Amino acid sequence: MKTALVERALALGFAQCRVAPAKPPRYGEAFRLWLANGSHGTMEWLQRGKEKRLNPELVLPGAKSVVVLTTNYFQGPERPARRGRIARYAWGVDYHDVIQPRLESLDAFLSANGGKQKIYTDTGPVLERDFGSEAGIGWSGKSTMLLNRELGTWFFLSVILTTLEIEPDPPQRNRCGSCTRCIDACPTNAITAPHRLDARKCISYQTIENKGPIPLEMRALIGNRIYGCDDCLDACPWNRFAEASREMAFSARPPTESADLRDYLSWNDDQFRTAFRGSPIKRIKRRGFLRNVCVVLGNIGTSDDLPALETAAADPEPLIAEHAAWAITQIRNRT
């Protein structure tokens, strides 16, 4: 059955399929301490689902195995720098829409073999990276990312909890050695020590998970990143082995490829939803996206951007208006 499962997973488009035992994660105590220190910021769902994340039995009673799958989203070398950078994983369509049907197909296969399952792609109370490490998908890097010998850092993780007992795969040894490139590359020092990340300092957290104003002390550090940050991933030497994904759905779409930053500021809610339909970027809504655009223009904009920012400073959404006013001040101070 395991052989058939792996073959089916690869045929569906997953890059790898390995299995870990459904037992409490090895890094459970570190996760408790991370939450206790408030390093999760405003991501309260992590605190609410804490006990389930620490015990697969609470997610799926009778769980015996965790099937861990990878999906490659690497699109090759980054395009020449535009005025605003978007994390690679968000260049194309929402990965949930691509991966979910494939997980459902594997769920049906396991059900036909007598199993009961729960399937997730970062949508449930599961510490995916811990199970990925236990299954030998990769090892925990100093950036807290899971590293893979063939895919580097450019992959999505999915898990299937099942009541079936499937032979587990052995874990890999840690291959980071003395390298600290990911730590050195972080523009905000969010990686406070090897394997420790303070989400509150992370640009991905501030531009995606933070729903309110971006702290003043963080704005200049965001530079030209309008959605997420890949700096610690880009820095990893293991990415020299990464091969471009054959999944065209993850290729850059026109809204992320060609629009100029100040053009975004004229969009209303309908235009935003239409442009980013089916994109991960839609989850931060117009208010969050234009907030980020204003911060980037405040960092790299010119006097040519002032008319668009002045219009945005009168936006009825206070979050956009405040960040636009800040950007105007930054540009005027420079010019």
Side-chain angles (χ1 to χ4, degrees), residues 2-22 25-27 56 65-76 87-107 109-110 117-124 126-162 166-176 182 204 228 230 232-234 236-251 280:
K2 182 179 179 181
T3 300
L5 171 67
V6 173
E7 289 176 351
R8 185 174 292 249
L10 298 182
L12 286 167
F14 290 106
Q16 294 165 325
C17 174
R18 295 173 70 93
V19 180
R26 182 188 309 181
Y27 302 109
S65 305
V66 182
V67 180
V68 187
L69 305 122
T70 62
T71 303
N72 179 8
Y73 70 85
F74 185 53
Q75 295 297 310
R88 271 189 178 89
Y89 85 87
W91 286 0
V93 304
D94 191 327
Y95 57 97
H96 298 97
D97 297 336
V98 175
I99 296 173
Q100 185 68 16
R102 300 174 183 179
L103 287 176
E104 290 171 357
S105 178
L106 293 179
D107 180 15
F109 169 78
L110 293 171
Q117 287 73 234
K118 291 281 189 178
I119 59 175
Y120 300 113
T121 297
D122 70 26
T123 52
V126 181
L127 296 180
E128 294 97 336
R129 295 178 197 175
D130 276 32
F131 289 118
S133 179
E134 292 296 331
I137 289 291
W139 65 95
S140 178
K142 293 173 184 175
S143 63
T144 75
M145 299 298 292
L146 196 66
L147 307 185
N148 180 281
R149 295 179 71 178
E150 289 80 33
L151 304 174
T153 57
W154 309 114
F155 59 93
F156 301 118
L157 273 177
S158 306
V159 296
I160 302 176
L161 276 67
T162 178
I166 305 173
E167 180 186 357
D169 292 288
Q172 293 189 36
R173 66 179 178 85
N174 189 302
R175 291 180 167 86
C176 286
C182 58
S204 286
D230 282 338
C232 66
L233 287 79
D234 280 321
C236 182
W238 282 97
N239 282 324
R240 67 184 183 273
F241 299 113
E243 295 185 3
S245 171
R246 289 176 290 181
E247 181 56 71
M248 296 304 296
F250 300 139
S251 299

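Small disclaimer: the values here were computed from a predicted structure and weren't measured.
R8 contributes atom CZ, which lies 5.5 Å from atom OG of S105 (distance to the nearest 0.5 angstrom). For the atom pair OG1 (T162) and CD1 (I119), the distance works out to 11.5 Å, reported to the nearest 0.5 Å.
Under the rule for a side chain to side chain contact (heavy atoms under 4.5 Å, CB included), the partners of N72 that lie at least two apart in sequence or sit in another chain are F74, L151, S245. A search for side chain to side chain contact (heavy atoms under 4.5 Å, CB included) contacts involving T123 returns H96, Y120, not counting sequence neighbours. In this view, D107 satisfies the salt bridge (Lys or Arg N to Asp or Glu O under 4.0 Å) rule with no residue, not counting sequence neighbours. In terms of the side chain to side chain contact (heavy atoms under 4.5 Å, CB included) criterion, residue partners of C17 (sequence neighbours excluded) are, by chain and number, L5, V6, A9, V67, L69. When the salt bridge (Lys or Arg N to Asp or Glu O under 4.0 Å) test is applied to R102, the partners found at least two apart in sequence or on another chain are E247. Every side chain to side chain contact (heavy atoms under 4.5 Å, CB included) that R149 has, sequence neighbours left out, goes to W139, Q172, R175, W238.
Using a 4.5 Å heavy-atom threshold, the side chains of Q117 and L106 count as separate. Annotation: side chain of R26 is in contact with side chain of E134 (closest heavy-atom distance under 4.5 Å). In this structure, F156 and V98 have side chains that are not in contact, with every pair of non-hydrogen atoms separated by 4.5 Å or more. Looking only at side-chain heavy atoms (C-beta outward), L146 and S133 come within less than 4.5 Å of each other. By the 4.5 Å heavy-atom criterion applied to side chains, L12 and F109 are not counted as neighbours.
Without hydrogens or angle criteria, N148 side chain to G138 main chain gives no donor-acceptor distance under 3.5 Å. Between the side chain of N239 and the backbone N or O of T153 there is at least one donor-acceptor pair closer than 3.5 Å. E128 contributes a side-chain N or O that, together with a main-chain N or O of D122, makes up a donor-acceptor pair within less than 3.5 Å. At least one donor-acceptor pair under 3.5 Å links the side chain of S65 to the backbone N or O of I166.
When all heavy atoms of C182 and C232 are compared, the pair lying nearest together is CB-O, 3.7 Å. Between P280 and G92, the closest heavy-atom pair is CD-O, 3.6 Å. Closest non-hydrogen pair, S158 versus L103, comes out as CB-CD2, 3.8 Å. Across all their heavy atoms, Q75 and A244 have their closest contact at C-CB, 4.4 Å. Here the shortest heavy-atom pairing between R88 and D230 reads N-OD2, 2.8 Å.
Other residues, nucleotides and ligands place more than 12 heavy atoms under 6.0 Å from the CD atom of E104.
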Handout entry: Worked check of side chain to side chain contact (heavy atoms under 4.5 Å, CB included) between W154 and T70
Key = CA-CA 10 Å; W154 309 114; T70 62; over 6 Å; no
Exercise for the section: Report the C-alpha distance between L157 and F131 in whole Å, list the side-chain angles of each, state the deciding distance to 0.1 Å, and finish with yes or no for side chain to side chain contact (heavy atoms under 4.5 Å, CB included). Expected result: CA-CA 10 Å; L157 273 177; F131 289 118; over 6 Å; no
Exercise for the section: Tell me, with the steps shown, if D169 and K2 meet side chain to side chain contact (heavy atoms under 4.5 Å, CB included). Expected result: CA-CA 11 Å; D169 292 288; K2 182 179 179 181; 3.0 Å; yes
Exercise for the section: Take V66 and I160 through the test side chain to side chain contact (heavy atoms under 4.5 Å, CB included) and record every step on the way to the result. Expected result: CA-CA 6 Å; V66 182; I160 302 176; over 6 Å; no
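Q100 and T121 share no donor-acceptor pair across their side chains, judged by distance under 3.5 Å alone.
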